[in-house]
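Written out below as structure tokens is the structure these notes cover.
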Amino acid sequence: MPARTVGTALLLPSFLLAATAACGSDSSAGAEPPALTKDQARRVLDRYTAAVARAGANLDGAALPAVQADPQLAMDTAAFKFRRASRQRSPALAFAKPEFYIPRMAGYPRWFAAAAVTGQGGRALRHALLFTQARPGEPWLLTADPFPADAALSRVALDPGGYATPVKPGAEGLAVPPAGLAAAHAALLTSGPAAPGAAVLAPGPKTDEAYGALRQGQADLKRAGVALASRFSAAPSPVYALRTKDRGALVWYLVRQNEAYTSARRGRLAVSGDLVGLVPARAARRRMDTTVLVQYLATVPPEGRATVAGMYRKAIAVRGS
């Protein structure tokens, strides 16, 4: 399994990090067929698990496109590069206690979500897997997999048949439309909780605390002779949402982070932390630009503020000079 890192520290500069272990519309219950059956969804998860286990055994990123789509593909391909460069083996992958949340929908693309756990005890990690199928007959691909801190998918409402309801990206009647979350989150992380639009997000480790941690990281780098400029933006990626029991929504969305490190003195910059494996170790001399993707999972109530429940962050590209 690719390397993953979780928590507030994920928004610290990539330079400092080391890795560790449109999409649907509202529909009335029963009005549309489910995207697939639960037995089919289980087979999709089993196929994915087996394929990634084979790819992970050899850290073969070329095998991932058969079972993944962006943004997951770009992020896990970079994670494989990190493991090869740092000579780390990919741990065995086994999803325990999977629960499937399959929306009713007509047409394509189709998608569904699964909650599962990997690892045990203090190493246990929750997953909010999201699989998509672009067209009939094409494979189901893992498109997103943020890590919720709690059983976030248990909030999804199910109809008498056990199926979920998709929510339109621009749906009204929510604290913020699902399609507006990425821009609001990007504004907060770039300019702070007082930024226009940022008030729709509740305080927490992945919002205002993450902004504070990033600013502290910038200050630490400055004392070491390195300047860091960091900007977040809404990534051009589909938003996926399911209706929750409180008539809110559980939303998967993507934010892009662009970092620029500069130093007046040679030797101050080094390809380290989350950037290992993306470029040669001596590629950076006085400037280094990185592209980072951050997947988020948020719960949006009908009124109040959205709470960010999970995330997965990975640097995917570096350019040094």
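Note that this is a predicted model, so its numbers are computed, not measured.
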Would you say the side-chain atoms of His185 pair up with the backbone N or O of Tyr296, donor to acceptor, closer than 3.5 Å? no
So, does Asp159 use its side chain to make a donor-acceptor pair with the main chain of Gly161 at under 3.5 Å? yes
Tell me, please, whether Phe80 has Arg83 positioned over its six-membered ring: NZ or CZ under 6.0 Å from the ring centre and within 45 degrees of its axis? no
Thinking salt bridges, do Arg126 and Asp150 make one under a 4.0 Å N-O criterion? no
Using 4.0 Å as the upper bound for N to carboxylate O, is an ion pair formed by Arg155 and Asp246? no
Between Phe131 and Phe112, what is the ring plane arrangement, given parallel below 30°, perpendicular above 60°, and tilted in between? parallel
Using only atom types and a distance under 3.5 Å, with no angle test, would you say the side chain of Arg84 pairs donor to acceptor with the backbone of Leu59? yes
Working to the nearest 0.5 angstrom, can you tell me the gap between Arg231 CZ and Asn258 CG? 5.0 Å
Do the side chain of Asp60 and the main chain of Gly56 share a donor and acceptor less than 3.5 angstrom apart? no
Quick check on side chain to side chain contact (heavy atoms under 4.5 Å, CB included): which of Asp76, Ile316, Leu254, Asp145 does Pro71 satisfy it with? Leu254
Are the side chain of Lys168 and the backbone N or O of Pro177 linked by a donor-acceptor pair below 3.5 Å? no
Would you indicate whether Arg247, at its atom CZ, is surrounded by more than 12 heavy atoms from other residues, nucleotides or ligands within a distance under 6.0 Å? no
For the residue pair Gln257 / Ser230, report whether a side-chain donor-acceptor contact shorter than 3.5 Å exists. yes
Is the ring pair Phe147/Tyr312 parallel, tilted or perpendicular, if the boundaries are 30 and 60 degrees? tilted
Can you tell me which residue among Leu250, Val308, Val251 is in a side chain to side chain contact (heavy atoms under 4.5 Å, CB included) with Leu297? Leu250
Has Ser191 got a side-chain atom pairing as donor or acceptor with Ala195's backbone, closer than 3.5 angstrom? no
